[in-house]
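Working notes, structure below.
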Amino acid sequence: MKFSDKVYELVKKIPKGKVTTYKEIASVLGTNAYRAVGIAMSKNTDGFLSKGKIPCHRIVASDGSIGGFCGVKTGKPIKDKKKLLIKEEIKFEKNKIINFSEKLFRF
DNA sequence: GGAGTGACTTTTT
DNA sequence: GAAAAAGCCACTC
């Protein structure tokens, strides 16, 4: 089982209405490879949304911003990622999550 | 197995 | 407070 596979497993466990950061994921896995987490996601952007796969839109940067982008393969920009998060009761203010610490899911 | 890369994070200008 | 630099670690070639 690769590191990236573990990442996926964790990401899939994130409940609706919650988000997590790259750093959190790495931390849970007992490492500091935040970047590797991002890489893992970038290599598996296929089928992340309602396809029951990896909800990568629930992964955000440590400061509460959306960070990278989501839905590149689906042709949807960050804009829609934010919309999607708002739909899951996660509100934004200037590209940053409001009450971030409350929405953060720590496994 | 060494070198380059990257959806990141923290610290310093 | 925004922008740049440095530091991390897995992954690929």
Side-chain angles (χ1 to χ4, degrees):
Chain A
M1 166 100 48
K2 287 184 187 174
F3 175 82
S4 52
D5 291 322
K6 293 182 182 177
V7 174
Y8 305 144
E9 290 304 310
L10 284 178
V11 173
K12 283 194 282 189
K13 287 180 184 172
I14 303 176
K16 177 185 174 185
K18 293 274 187 178
V19 296
T20 191
T21 67
Y22 297 95
K23 186 177 183 180
E24 271 299 316
I25 294 174
S27 180
V28 170
L29 291 178
T31 180
N32 296 315
Y34 346 87
R35 313 199 73 173
V37 176
I39 292 179
M41 301 310 300
S42 67
K43 306 214 167 182
N44 289 274
T45 51
D46 41 24
F48 62 94
L49 276 180
S50 51
K51 296 174 185 171
K53 303 271 181 173
I54 307 170
C56 66
H57 57 281
R58 296 196 185 127
I59 307 179
V60 297
S62 65
D63 62 347
S65 63
I66 293 184
F69 39 111
C70 202
V72 171
K73 281 199 172 183
T74 60
K76 301 208 169 192
I78 302 175
K79 191 176 170 187
D80 289 341
K81 178 175 177 180
K82 183 162 68 171
K83 251 187 178 178
L84 190 60
L85 286 170
I86 292 176
K87 248 187 169 182
E88 299 196 355
E89 303 173 17
I90 297 173
K91 292 161 190 166
F92 278 83
E93 180 74 32
K94 293 174 184 172
N95 270 357
K96 297 217 174 165
I97 297 179
I98 301 177
N99 295 332
F100 181 50
S101 54
E102 294 179 11
K103 303 294 180 187
L104 184 59
F105 179 60
R106 287 194 183 73
F107 300 97

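Note that these values count all heavy atoms, side chains included, but never hydrogens, waters or copies made by symmetry. Letters A, B, ... mirror the listed sequences (proteins, then strands); counts begin at 1. The shown structure was predicted, so the numbers you read here are calculated from the model rather than taken from an experiment.
Put simply, CE on M41(A) is 17 Å from P on dA10(C), counting in whole angstrom units. When the P atom of dC9(C) is taken as reference, atom CD1 of I25(A) falls 17 Å away, rounded to whole Å. Rounding to whole angstrom units, NZ of residue K94(A) and P of dG1(C) are separated by 10 Å. Separating the CG atom of N32(A) from the P atom of dA10(C) is a distance of 9 Å, rounded to the nearest angstrom. Straight-line distance from the CD1 atom of I66(A) to the P atom of dC8(B): 13 Å, rounded to whole Å. Rounded to a whole Å, the CG atom of N95(A) is 17 Å from the C1' atom of dG1(C).
The side-chain contact (heavy atoms from CB on, under 4.5 Å) search around I98(A) returns K91(A), E93(A), not counting sequence neighbours. With sequence neighbours excluded, the residues forming a side-chain contact (heavy atoms from CB on, under 4.5 Å) with D5(A) are M1(A), K2(A), Y8(A), listed by chain and number. With sequence neighbours excluded, the residues satisfying side-chain hydrogen bond (donor to acceptor under 3.5 Å, both in side chains) with S65(A) are D63(A). Applying the side-chain contact (heavy atoms from CB on, under 4.5 Å) criterion to K13(A), with sequence neighbours excluded, gives no partner residue. With sequence neighbours left out, the ring-ring contact (aromatic ring centres under 6.0 Å, His included) criterion links F105(A) to F107(A). Residues that satisfy the ring-ring contact (aromatic ring centres under 6.0 Å, His included) test with F92(A), not counting sequence neighbours, are absent from this structure. Applying the side-chain contact (heavy atoms from CB on, under 4.5 Å) test to E9(A) and every residue at least two apart in sequence or in another chain returns K12(A).
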Restricting to nitrogen or oxygen on both sides, can you table the protein-nucleotides 10-13 of chain B pairs closer than 3.5 Å?
unit_1  : atom_1 : unit_2 : atom_2 : d
dT10(B) : OP1    : K23(A) : NZ     : 2.8
dT10(B) : OP2    : S62(A) : OG     : 3.3

Contact list (N/O, under 3.5 angstrom) for nucleotides 11-13 of chain C vs protein:
unit_1  : atom_1 : unit_2 : atom_2 : d
dC11(C) : OP1    : F3(A)  : N      : 3.3
dC11(C) : OP1    : S4(A)  : N      : 3.2

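Listed by first residue number, the stems of DNA chain C with at least three Watson-Crick or G-U pairs below 3.5 Å are B:2-6 with C:9-13, B:8-13 with C:2-7.
We find that E89(A) and K103(A) are not joined by a salt bridge, their nearest charged nitrogen and carboxylate oxygen being 4.0 Å or further apart.
Residues T21(A) and F100(A) share a closest heavy-atom pair of CG2-CZ, 3.4 Å. Between Y34(A) and Y22(A) the shortest heavy-atom distance is O-CB, 4.2 Å. Shown here for V7(A) and V37(A), the closest heavy-atom pair between the two residues is CG1-CG1, 3.8 Å. Looking at every heavy atom in both residues, I39(A) comes nearest to S42(A) through O-OG, 2.6 Å.
For the segment residues 97-107 of chain A, no residue has any heavy atom less than 4.0 angstrom from an atom of DNA chain B.
T31(A) has a side-chain polar atom (N or O) that falls below the 4.0 Å cut-off from OP1 or OP2 of dA10(C).
Sparse packing is recorded around NZ of K6(A), with 12 or fewer heavy atoms of other residues, nucleotides or ligands lying under 6.0 Å away.
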